[in-house]
Amino acid sequence: MAKVLSGAGLRGQSAGETALCTVGKAAAGLTYRGYDIDVLADNASFEEVAYLLLYGALPNRAQLQDYEHKLMQLRSLPEALKAALELIPKDAHPMDVMRTGCSFLGNLEPELSSEQHAFSGQLPAADRLIATLPAMVVYWYRFTHDGVRIDTQNSHVPSLAGHFLTMLHDEEPSELHTKVMNVSLILYAEHEFNASTFTARVCASTLSDMHSCVTGAIGSLRGPLHGGANEAAMEMIEPWQSADEAEAALMEKLANKEKVMGFGHAIYSECDPRNDIIKKWSKKLSEETGDDHLYAVSERCEAVMWREKKLFCNADFFHASAYRFMGIPTKLFTPIFVCSRITGWAAHVMEQRANNRIIRPSADYTGPDHAEWIAIDDRP
Ligand SMILES: CC(C)(COP(=O)(O)OP(=O)(O)OC[C@H]1O[C@@H](n2cnc3c(N)ncnc32)[C@H](O)[C@@H]1OP(=O)(O)O)[C@@H](O)C(=O)NCCC(=O)NCCS
């Protein structure tokens, strides 16, 4: 009998090989191509990490400059895409906007022609998505919420981190905000066979195109058990005006057996290595903005969840307060995750293609053994 994968959620099962990332294996807890996440967050730019994931090694200075320049050149959105984004209603979810934007770009600039399956266009398609996904969501947001058509080129702002915040706020961010945004993009860039990446790989395994793989991945990331947790965490903590109020409300949630967003992880069992990093930056931002309760509320939630349930903050929890301190609207939190994770998704698509076999697991059948056909007029 053929061996089948079993176990709810495929937890603990290996579903393939990757050279891109380890989660919960090395001492750092998370590595990208062998580099510890804390080293990357301290030293690298997001563009450097994108290059590492997509091109296989850290760039030297000249390669990085070329890559940054290339991404800047690729920022502007086609007129047809802008027109399509303008048709999407204001109350749409920005993740749906990104899903549509990615798919639409795949129509305008297809990666594959029907007779070409050599994937020679995969790196250009990935770079174009890295350069344009931030603009897609912010263009739509600013058009529908503020009635303005923004400049999606921003030739004077070199980093994608700064570009995102400049499009959003119409002014260049401070050094601190650019740094935090850069760190955030690095932390979210890659995470092995998580749900959205696995979606992308399954799609890639059919020899589908890059835009289909990424569009599917965006759909998977949208859910509150995955990328949507940073938004859900913000919605939870926002009304709480003090640490004591947070503790009381949280205890009630736990008594009602509610899931608390931003806590727990499918792979990590004791801590999420990304949490300490973003927590540190959230604290700095809290001090910079003169916040008098949000950081304290967040810290108390962390203490209560550990004390009561031995559950720790995942990467999403302190991202919520960090983004709020930088004036980012809650509904744009998960889209930022997309702007970052596109690098990991694209790298996985290319890795899957390089050694492909269509992904097609089996299922443990739980239906009836044999059903007798009943003519339609005899059915109850
Ligand atoms: C991340 C997550 C989906 C992992 O799921 P999982 O590996 O299937 O873990 P489980 O849901 O089986 O959790 C195991 C136990 O811990 C509890 N638990 C896990 N996360 C919890 C949370 N955030 N709040 C409250 N209880 C939680 C579960 O209820 C379960 O308890 P039980 O055994 O009494 O039923 C889960 O922790 C979760 O839903 N977290 C909130 C969403 C989130 O922050 N997602 C972002 C992930 S980076």
Side-chain angles (χ1 to χ4, degrees), residues 5-15 21-25 28-30 32 37 41 93 95 183-200 217-238 240 246-279 282 297-324 330 333-341 344-345:
L5 298 175
S6 62
L10 297 180
R11 200 66 77 255
Q13 307 274 354
S14 171
C21 176
T22 62
V23 174
K25 293 189 178 104
L30 174 60
Y32 298 168
I37 191 63
H93 194 289
M95 287 295 280
V183 168
S184 169
L185 293 172
I186 291 173
L187 296 183
Y188 275 141
E190 163 54 11
H191 219 225
E192 200 216 38
F193 278 25
N194 58 85
S196 55
T197 301
F198 198 57
T199 303
I218 294 171
S220 286
L221 187 68
R222 184 193 195 293
L225 296 188
H226 192 5
N230 53 18
E231 288 181 36
M234 190 67 233
E235 276 154 19
M236 178 182 75
I237 60 178
E238 194 146 45
W240 298 337
E247 175 156 356
L250 210 48
M251 291 300 286
E252 205 178 314
K253 281 183 181 295
L254 293 178
N256 294 335
K257 304 227 171 304
E258 283 177 46
K259 270 221 165 145
V260 181
M261 294 300 154
F263 286 86
H265 199 272
I267 305 289
Y268 301 122
S269 55
E270 283 176 13
C271 73
D272 181 330
R274 299 165 297 180
N275 179 52
D276 276 356
I277 301 171
I278 194 63
K279 183 180 171 188
S282 173
V297 160
S298 306
E299 263 201 321
R300 181 71 69 85
C301 292
E302 183 180 34
V304 171
M305 290 298 284
W306 184 253
R307 184 187 75 209
E308 297 296 321
K309 300 274 289 180
K310 292 286 169 285
L311 280 169
F312 52 86
C313 299
N314 56 47
D316 291 320
F317 191 70
F318 277 93
H319 259 108
S321 50
Y323 287 165
R324 173 58 81 252
T330 308
F333 287 7
T334 316
I336 297 173
F337 199 150
V338 174
C339 297
S340 161
R341 187 58 62 84
W345 289 334

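What you see is a predicted model; the values in this text were computed from it and never measured. In what follows, every heavy atom counts, from backbone to side chain, and hydrogens, waters and symmetry copies are set aside. Counting convention: from 1, in listed order, for ligands and their atoms alike.
Close N/O approach between R11 and ligand 1 is found [any backbone or side-chain N/O within under 3.5 Å]. At a 3.5 angstrom cut-off on N or O pairs, N314 counts as close to ligand 1. Between L225 and ligand 1, at least one N/O pair is under 3.5 Å apart.
Within a 4.0 Å radius of atom 15 (C) of ligand 1, the protein contributes no non-hydrogen atoms. For atom 23 (N) of ligand 1, the nearest protein heavy atom is under 4.0 Å away. For atom 12 (O) of ligand 1, the nearest protein heavy atom is 4.0 Å or more away. Inside a 4.0 Å radius of atom 8 (O) of ligand 1 there is at least one protein heavy atom. Not a single protein heavy atom sits closer than 4.0 Å to atom 34 (O) of ligand 1.
Annotation: atom 26 (N) of ligand 1 to nearest protein heavy atom, L311 CD1, 3.5 Å. Scanning all protein heavy atoms for the shortest distance to atom 43 (C) of ligand 1 gives A229 CB, 3.5 Å. Nearest protein heavy-atom contact of atom 31 (O) of ligand 1 is K309 NZ, 4.8 Å.
Near V260, with a cut-off below 4.0 Å to any heavy atom, the atoms of ligand 1 are 22 (C), 23 (N), 24 (N), 25 (C), 41 (C). Residue H265 has at least one heavy-atom neighbour below 4.0 Å for each of these atoms of ligand 1: 1 (C), 4 (C), 37 (O), 48 (S). Residue A266 approaches ligand 1 through these ligand atoms, each under 4.0 Å from one of its heavy atoms: 4 (C), 7 (O). Listed by number with element, the atoms of ligand 1 under 4.0 angstrom from any heavy atom of D316 are 46 (C), 48 (S). Annotation for ligand 1: atoms under 4.0 Å from non-hydrogen atoms of E258 are 25 (C).
In this structure, the side chains of T22 and Y32 stay at 4.5 Å or more apart for every pair of heavy atoms. The closest side-chain heavy-atom distance from F198 to E192 is not below 4.5 Å. At a threshold of 4.5 Å between non-hydrogen side-chain atoms, the residues Y268 and L30 count as touching.
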Test log, rule ring pair (Phe, Tyr, Trp, His ring centres under 6.0 Å), inputs F263 and F317
CA-CA 7 Å; F263 286 86; F317 191 70; 4.8 Å; yes
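F337 has its ring centre no less than 6.0 Å from the ring centre of H319. Residues H191 and H265 bring their aromatic ring centres within 6.0 Å.
C301 SG to M236 CE: the interatomic distance, rounded to the nearest 0.5 Å, is 5.0 Å. Here the SG-CZ distance, from C21 to F193, works out to 10.0 Å after rounding to the nearest 0.5 Å. Interatomic distance, CG of L311 versus CH2 of W306, reported as 8.0 Å (0.5 Å rounding). Note that CD1 of I278 and CG of N230 are 10.5 Å apart. Values are rounded to the nearest 0.5 Å.
Closest heavy-atom approach to atom 41 (C) of ligand 1 among the candidates F263, F317, Y188: F263. Counting only non-hydrogen atoms, the option in G262, G223, A232 that gets closest to atom 44 (O) of ligand 1 is G262. Nearest to atom 39 (O) of ligand 1 by heavy-atom distance, out of K259, M305, M261, is K259.
Residues forming a side-chain hydrogen bond (donor to acceptor under 3.5 Å, both in side chains) with S298 (at least two apart in sequence, or on another chain): none. Taking the side-chain hydrogen bond (donor to acceptor under 3.5 Å, both in side chains) definition, one finds that E302 meets it with N275, K279, sequence neighbours left out.
With a heavy-atom cut-off of 4.0 Å, D272 does not touch ligand 1 at all.
Distances shorter than 4.0 angstrom do not occur between any heavy atom of K257 and any atom of ligand 1.
Using a distance-only test at 3.5 Å, with no hydrogens or angles considered, no donor-acceptor pair links the side chain of R222 to the main chain of M95.
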